[in-house]
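Owing to the predicted nature of the structure, the values given are computational and were not obtained by experimental measurement.
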Amino acid sequence: MAHKDERGTVSAVGLAVLTVILLLGLAAAAFMRGGADVAVEYEREMQLRLAAESAVETAAAKLERDANVYGDLPDAGETKEVNKDVGVIPTAEKIELHVFIETPRERGPFLTVGAAAIDESETRVPDGEKWLRAKIVRARMEKKGDHYVWRRWY
């Protein structure tokens, strides 16, 4: 009789071990799939950031050569979009760029050059909302004579 009880215990322990191994396998598969999703999201975030930085640097380079390249600057505290004047900035698929120049409220020798890279593709957030993903970067420039010089990112 002792052998029948032992076989039942061994079977129960075997099933418990098999269940634990199965759950660990499922957790590992979910972790690997999640890691791939994170890598795709990170790549898209970097595409947006690099597109916006490229636009700012292109616009700033033109201002470094000629302070009047974009015509009249906006009034104090206002923004002027200069997309067409900057030229073509290579971007990844479905990224829309907006390049702008801002003049500070306190009129001085400073100018802000900025860009917004907007993701026009479908977002992958499963909450039912339509999220708009974008990256905005800005740089400060200072007027020196008839051109501007780069000061910093912010």
Quick one: are Lys144 and Glu64 in side-chain contact, heavy atoms under 4.5 Å? no
Membership question, hydrophobic clusters at under 4.5 Å side-chain separation (ILVMFWY): are Leu97 and Phe100 in the same one? no
Could you tell me if the side chain of Arg138 sits less than 4.5 Å from the side chain of Arg152, heavy atoms only? no
Checking the side chain of Lys143 only, and the main-chain atoms of Val149 only, is there a donor and an acceptor separated by less than 3.5 Å? no
Compare all side-chain heavy atoms of Leu63 with those of His147 and state whether any distance is below 4.5 angstrom. no
Please say whether the positively charged group of Arg151, taken as NZ for Lys or CZ for Arg, lies over the ring of Phe110, i.e. under 6.0 angstrom from the six-membered ring centre and within 45 degrees of the axis. no
Should Val99 and Ile101 be regarded as members of a common hydrophobic cluster, given that ILVMFWY residues are connected when their side-chain heavy atoms come within less than 4.5 Å of each other, either directly or indirectly? yes
How about Ser54 and Ile89: do any of their side-chain heavy atoms sit closer than 4.5 Å? yes
When hydrophobic residues are tied together by side-chain contacts of less than 4.5 Å, even through go-betweens, does Val69 share a cluster with Val56? yes
Does the side chain of Val86 reach to within under 4.5 Å of the side chain of Tyr70, using non-hydrogen atoms? yes
If the threshold is 4.0 Å, N to carboxylate O, is there a salt bridge linking Asp119 and Lys94? no
Can you tell me how far the CD1 atom of Ile118 sits from the NE2 atom of His98, to the nearest 0.5 Å? 4.0 Å
Answer yes or no: is there a side-chain heavy-atom contact under 4.5 Å between Glu102 and Glu78? no
Per the side chain to side chain contact (heavy atoms under 4.5 Å, CB included) rule, which among Leu15, Ile21, Val20 passes with Val17? Ile21
Please tell me if the side chains of Tyr148 and Glu142 come closer than 4.5 Å, counting only heavy atoms from C-beta onward. no
Taking Gly77's backbone N and O only, do any of them form a donor-acceptor pair with Thr103's side chain (distance below 3.5 Å, no angle check)? no
